[in-house]
Amino acid sequence: MKKIEAIIKPFRLDEVLEALKAVGVTGMTVTEVKGFGRQKGRKELYRGAEHEVEFVPKTMIALVVSDELLDQSVDAIVEAARTGKIGDGKIFVSEIGEAIRVRTGERGKSVL
Amino acid sequence: MKKIEAIIKPFRLDEVLEALKAVGVTGMTVTEVKGFGRQKGRKELYRGAEHEVEFVPKTMIALVVSDELLDQSVDAIVEAARTGKIGDGKIFVSEIGEAIRVRTGERGKSVL
Amino acid sequence: MKKIEAIIKPFRLDEVLEALKAVGVTGMTVTEVKGFGRQKGRKELYRGAEHEVEFVPKTMIALVVSDELLDQSVDAIVEAARTGKIGDGKIFVSEIGEAIRVRTGERGKSVL
Amino acid sequence: MKVLFYIVFSVVAIFCGTDAFAAELLSAGDTAWVMVSTALVLLMLPGLALFYAGMVRSKNVLSTVMMSFMAMGVIAIEWVVLGYSGAFGGMGGPLFGGFDQLMLSGIGPASLSGTIPTYSFVAFQGMFAIITPALISGAVVERMKFGVYTLFILLWSIIVYNPVAHWVWGEGGWLLEHGALDFAGGTVIHISSGASALAVIWVLGKRRGFLKEAFVPHSLPMTLTGAGLLWFGWFGFNAGSALAANGTAAMALLSTNTASAAGLLGWLIAEKIKFGKPSALGAASGCVAGLVAITPGAGFVTPAWAIPVGFVGGVICFYAVCMKTRLGYDDALDVIGIHGVGGFWGAIITGVVATVGTGSLMTGDTRQFVVQIVGAVAVAVYAFIVTYVICRILDAVFGLRVSSADELNGLDHSEHGEGAYNI
Amino acid sequence: MKVLFYIVFSVVAIFCGTDAFAAELLSAGDTAWVMVSTALVLLMLPGLALFYAGMVRSKNVLSTVMMSFMAMGVIAIEWVVLGYSGAFGGMGGPLFGGFDQLMLSGIGPASLSGTIPTYSFVAFQGMFAIITPALISGAVVERMKFGVYTLFILLWSIIVYNPVAHWVWGEGGWLLEHGALDFAGGTVIHISSGASALAVIWVLGKRRGFLKEAFVPHSLPMTLTGAGLLWFGWFGFNAGSALAANGTAAMALLSTNTASAAGLLGWLIAEKIKFGKPSALGAASGCVAGLVAITPGAGFVTPAWAIPVGFVGGVICFYAVCMKTRLGYDDALDVIGIHGVGGFWGAIITGVVATVGTGSLMTGDTRQFVVQIVGAVAVAVYAFIVTYVICRILDAVFGLRVSSADELNGLDHSEHGEGAYNI
Amino acid sequence: MKVLFYIVFSVVAIFCGTDAFAAELLSAGDTAWVMVSTALVLLMLPGLALFYAGMVRSKNVLSTVMMSFMAMGVIAIEWVVLGYSGAFGGMGGPLFGGFDQLMLSGIGPASLSGTIPTYSFVAFQGMFAIITPALISGAVVERMKFGVYTLFILLWSIIVYNPVAHWVWGEGGWLLEHGALDFAGGTVIHISSGASALAVIWVLGKRRGFLKEAFVPHSLPMTLTGAGLLWFGWFGFNAGSALAANGTAAMALLSTNTASAAGLLGWLIAEKIKFGKPSALGAASGCVAGLVAITPGAGFVTPAWAIPVGFVGGVICFYAVCMKTRLGYDDALDVIGIHGVGGFWGAIITGVVATVGTGSLMTGDTRQFVVQIVGAVAVAVYAFIVTYVICRILDAVFGLRVSSADELNGLDHSEHGEGAYNI
Ligand SMILES: Nc1ncnc2c1ncn2[C@@H]1O[C@H](COP(=O)(O)OP(=O)(O)O)[C@@H](O)[C@H]1O
Ligand SMILES: Nc1ncnc2c1ncn2[C@@H]1O[C@H](COP(=O)(O)OP(=O)(O)O)[C@@H](O)[C@H]1O
Ligand SMILES: Nc1ncnc2c1ncn2[C@@H]1O[C@H](COP(=O)(O)OP(=O)(O)O)[C@@H](O)[C@H]1O
């Protein structure tokens, strides 16, 4: 099993969700995060001063998939999240040793 | 060392915390997340329209434990988080290479 | 590639960001979390009652770095985040299998 | 008191058709003041909604707000349809009003009550009828079904509020006849809502996790905003009860402000002593406690005397609220501890320090003091018993509580199909 | 009506220099009431800002608030400079006011309008001029450029609002001459803003993702707070329109409160029937719908009749809002469904149930009923056409919409360089 | 001015026991208006609390709110106990009031001040005494100890506010005798609080991280809500200062509204020029700047002249605030830049454009212009020096600042044991 963590632009979430559903992903977990990267933060006004906000709002999607589904899932995310502008985000893949479903206590791929 | 990531129903957090304390866990980190899974989101009303919210509020607990404590911790979570209804959540286990305590700079299991 | 997850005191974020920039880190993702650990929560007043808050607000920084940058990055965080008091936080290191840049689809270390 | 005679008098005048005479009495200044006061009391409803909603968990914010809004919705209509008649109509019986002014029949723009249009008097009194059940809602939030709550406040208004208002303020009301002092509703509003709150939660039961988990307020700035609106609106509540823009109203306003400040200080000092820190929620609670305390005496107590009235009110209510956890009843937002206890304190201390236009213990008038106690106890007992019966019946027929799952997931979704925040 | 004659009369009096005479008429009570009402209507602006801003997504909160604040900024000045003269100045032509009172020339602290200082009348009327374009903003939020919006409301006030106000309320205005009833601005304010909203969004187009994504309100407590302030402020809006603290004002106040409550109930019941649950946003919307419905008739309709006026208003507006998704136009916060439709309902039903100081269908006065319809339709058509033309021109010259990227990232940053929350 | 003679006159009348005579003068309309104005000014306190609290970081929200609430708590009592007497009592010395009206002795419901009950005058003036120290709190938030703050405002009220109020408004006050114009407190309130803010932060020092980190406002919607309440309440502040519901009040109200709008525009235009975008916080700040600017002249300046007064006020305050970062003093929420600078601008421009009931440069009255400057400077210097001394002493005895750790963790927890949000 693999864990995919994708950091994307918040307004692409709906598209990414649809794309993942389309390749057969049935579960995922989403977190609101702040990103620092090549995309620069915005200038903000504050009473006679302007300051740079270093962080940009991002959405992180975490999903654990079977090894077979990995490539399709990554491709789906890349396609749905892409706007072509700096700051579209990154996807990181890592290894998951075990998965357990709380409701039933079952383990392994069937949990996903 | 293993990292346990458990996505649970928010209102089970207190029970899970107690259960983990009981098996000897001394640290964990909690994040508010939104989950997509078998449990369907709720219908929400919005001025003459009804729409489905695809995401359900969930709580994610992340804790790094020594390999010995892994099974007990997982079991503790499963038991304390279970309500028996769809949406009780998942637990994912992965490998942690190194742990460092910021305050002292020490490394390894003693950090946990 | 390695993933560094550092749980730190929220008000050290700016210092840590500067320190990481200084060693050449160009991207990271930040999440507001709640921590449970040796540092005890505060007593809060609530209308004729006092109760203990078990969780303490923390900030989690996640960054994926090349293996070469790992040690410097960890050291930078340790130094910048340290206040010397309990609750300064932990750093966990794990393995990342693959990294993809959404905008370009490119993979590997160059993505970071 | 004088005010009430005026009303009675002019109501009579109107019924005798002496419109021309009545017209001579209209005071634009008094009318302006009472209309403003009406608006101010109305604002206390959203104020109360915020005050309460800030203290609940974020899954029950809207359901808490809706309890106040629904009181605006239902009781504003009930008051026009039958409430006003039930409280102020009729031929002056001691216990109830009458049915002669249903749908405000017989009242027109030219009708006067004292120096103000009767419509103004109706509207002003209506606001009190609206806010009283909304006060009770603070005890039952986070677990009571919205539909049943709605039915409850309707029945409660008809069977509890209207008669009690008649006793104290209606022509011929038995407490009025005995000279009970209740300038702006300490007994009619605060004691009755406090006693009723106790009865409802008796039937309703505790929230899941009560005394096990900490129920942390989800937004104290919201509660403090609400407290600010309440303080502001209370000027209408108390000083408007003079039904004229005169020296009594001015004194009531100043005494109200003073008592509120003193209540704030009293609560904070008590808290500082007990817990070492003065809290923001304590400030909000203390100012409400001070306002409750001065309500019955606002027009009878000088500003200087309002200081101890409010201060001790703040201290007493603080300790009353502290006792909740010890006694183990789940009065979620402390309606009993603040409105019940504060209302009692106010009613009784008015019988001790009232000196303006009335007697009290201080002027040697023991009778007044006893009347104050009788009035407070009578209203508390009546409100408690009748409310208890209503709730038992509603519980048997519909069930008062949401299901355990709904309680866990929050009433915002289960009762209203919404979530408060999507930030 | 009577009120208007007074004004006309005293304006004449002033111009004839009969200051001494005028001075005899000043009523401190009436003045106090109108000044308070002015303040109350002003408060509706932040109220509206909160009401609207709670319903948008968190990236557009400030830009939504700013549309209301900017109406305060721009129109308050426009009104003093030329608006008042355009609406209420001149020699009594049927279509426009005049240019004789630019910069309020000729008016001083001693000038009277009826029993109140002319400055009071100017300020009170100014608040209506301010709030009307702010109402329109609800339709265009989340996509309209702030600068162009500012220019739009300025032009709109001058070309649409001022003339329409003159028709209905200004000396010699043609609808006034025909006896159209519009106590507090159902036609002038609600119909005109509703019809104009339709015209603007016609040119402006839909938000990205409309009907594809759910646009979930970011903070319903904010919307409910706004609704509370609107309810409160509306007492000034409606009862202040009596321009005196008298029986008419008192009736308007009570009818307003009753209709608001009835609107809340109507909407919630309709919602409960259609979706199974009464929502908090429904309560807020229903109370506003009820308030809109009673606005034209507040001073002509008894409190008892205000119940059906408000209740049906709530139900109709609910169904009007439901139709939006079916018809597919993106009236973001339902200005058409609530102010347009509710305004029409109010104007017409006033011609049916008005009995106080006027005739209506109920008293056999068919002419009045027809006049009501004519007035409503005339204002709607005029407002729609002129607004459409203004918007087409502004769109051609500047473009009405922000860029697609700015729309995605939110107007708070693109238009104002800020984010609403940093918690 | 006239107003003040009335007061003086009737106070004399009361002391001579001519109650019957006094009673003839009571105006219900004036009383209604002043009572409403009192309530409006009270509402500015929660308004200010929200205005300020929205701008701080989320760890200091409650502590910021509490500074305003504590002013309500402490000064409301102080005013009744000794403040009123210190400002308005006594035999007419030039520098202080007296001790003859401690605890409001000698005043009853029948006492009049001009056409209103003395209690009304006491309450209205009390609100000004309450809000002034609360204004100062904006400079010291996020680092000053709550307990010491409480003591500070108590001392400050007694030693700074009461005398200054006496100079300008009290019988025999030396600035009053010289004819200084300060209709609603530009000098007494805004200049005094601005100058004092400078003195406090001189002693208190900068927040940790000042000019290194960006201190981002945690909730601008909260600040905008506060600004809305301030705008609303300011009608009471300024138009209430006429102490009657008459043409002067009406003009003050309209000029206030106009100046506020103009201030908003001025600030936004300056901001647009300097940074390219008009911000929401700029709108809120600009409207407050406009309100401050018109405060001293509200009853002397026509609505048309209020436009430049407010507009330039907005522009000047914007640039004053910009200079803060350059000068490097940490006036956290810009009390000096807005109240200090705006207050000076208002005091002086009043000496230039006042034409109603007084002279000014425009009417060739150079003396008035000079008096305005003298008054402003005298109050600023006195307030600065005395505040500086108070703060030095308090700092030596108790320490003004919380510990560095507490500052990092936030004052909500360290001072009040609470957190603002748990969402
Ligand atoms: N090395 C990294 N580790 C963790 N997160 C990263 C890293 N680099 C970038 N990110 C996340 O990805 C987001 C987008 O990255 P950015 O460099 O701005 O643009 P792009 O992905 O187009 O190169 C950042 O805001 C941050 O949240
Ligand atoms: N493959 C997955 N990867 C990451 N998170 C998941 C995955 N599947 C489910 N989740 C998380 O677990 C939660 C519960 O899952 P769900 O399918 O609704 O119920 P159950 O766990 O009872 O089968 C989801 O809301 C989501 O947050
Ligand atoms: N085993 C763990 N797994 C995950 N997070 C942990 C663990 N232990 C501690 N943490 C996180 O680190 C934070 C700091 O830990 P704590 O024990 O309070 O202090 P210290 O790091 O100084 O020993 C905690 O609040 C929690 O968020």
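Every chain is numbered from 1 and lettered A, B, ... according to where its sequence line falls, protein lines coming before strand lines.
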Do the ring planes of F146(D) and H416(D) sit parallel (below 30°), tilted (30 to 60°) or perpendicular (above 60°)? perpendicular
Residue from T31(E), I307(E), V356(E), L229(E) scoring the most non-hydrogen pairs under 4.5 Å with chain D is I307(E)
Sequence neighbours excluded, which residues qualify as side chain to side chain donor-acceptor pair (under 3.5 Å) partners of W305(E)? none
Can N246(E) and W33(E) be said to form a side chain to side chain contact (heavy atoms under 4.5 Å, CB included), step by step? CA-CA 10 Å; N246(E) 57 18; W33(E) 175 239; over 6 Å; no
A28(E) versus chain D, heavy atoms under 4.5 Å apart: side chain, backbone, both or neither? neither
Check for a donor-acceptor pair, side chain of S111(D) on one end and backbone N or O of G108(D) on the other, with a separation under 3.5 Å. yes
Using the side chain to side chain contact (heavy atoms under 4.5 Å, CB included) rule, take F237(E) and L291(E) through it: C-alpha gap first, then chi angles, then the decisive distance, then the call. CA-CA 10 Å; F237(E) 198 97; L291(E) 289 163; over 6 Å; no
Do any side-chain atoms of residues 62-71 of chain D form donor-acceptor pairs under 3.5 angstrom with protein atoms, and if so which ones, sequence neighbours left out?
{"from": "S63(D)", "atom 1": "OG", "to": "N60(D)", "atom 2": "O", "distance (Å)": "3.1"}
{"from": "S63(D)", "atom 1": "OG", "to": "D412(D)", "atom 2": "OD1", "distance (Å)": "3.4"}
{"from": "T64(D)", "atom 1": "OG1", "to": "N60(D)", "atom 2": "O", "distance (Å)": "2.7"}

Chain D contact via S27(E) - which portion, at a heavy-atom distance below 4.5 Å: side chain
Residues of residues 45-56 of chain D near chain E, each having a heavy atom less than 4.5 Å away: P46(D), L50(D)
Would you mind listing every ring-ring contact (aromatic ring centres under 6.0 Å, His included) that reaches into residues 240-288 of chain E, with sequence neighbours excluded? W267(E)-F318(E)
What part of L40(D) gets within 4.5 angstrom of chain E, counting heavy atoms only: side chain, backbone, both, or neither? both
Tell me, side chain or backbone of A249(E) under 4.5 Å from chain D's heavy atoms, or both, or neither? both
I'd like to verify something: which residue of L104(D), V34(D), V36(D) has the highest number of heavy-atom pairs under 4.5 Å with chain E? V36(D)
Look at A245(E), A306(E), G29(E), S58(E) and state which one has the largest set of heavy-atom pairs under 4.5 Å with chain D. A245(E)
For chain E, which candidate among M35(D), M222(D), M72(D), M127(D) shows the most heavy-atom pairs at distances under 4.5 Å? M35(D)
Tell me whether the rings of Y161(D) and W156(D) are parallel (<30°), tilted (30 to 60°) or perpendicular (>60°). tilted
Assess the side chains of N257(E) and W231(E): does a donor N or O sit below 3.5 Å from an acceptor N or O? yes
Identify the heavy atoms of V41(E) and G236(E) that sit nearest to each other, and give their distance. CG2-C, 3.9 Å
Please give me the minimum heavy-atom distance between S241(D) and F124(D), naming the atom from each residue. N-CZ, 3.6 Å
Partner chain D: residue of T258(E), V216(E), L224(E) with the largest heavy-atom pair count (under 4.5 Å): L224(E)
What residue, out of I423(E), T225(E), T302(E), L220(E), has the most heavy-atom pairs lying under 4.5 Å from chain D? L220(E)
With chain D as the partner, which of G310(E), A304(E), A284(E), S279(E) has the greatest number of non-hydrogen pairs under 4.5 Å? S279(E)
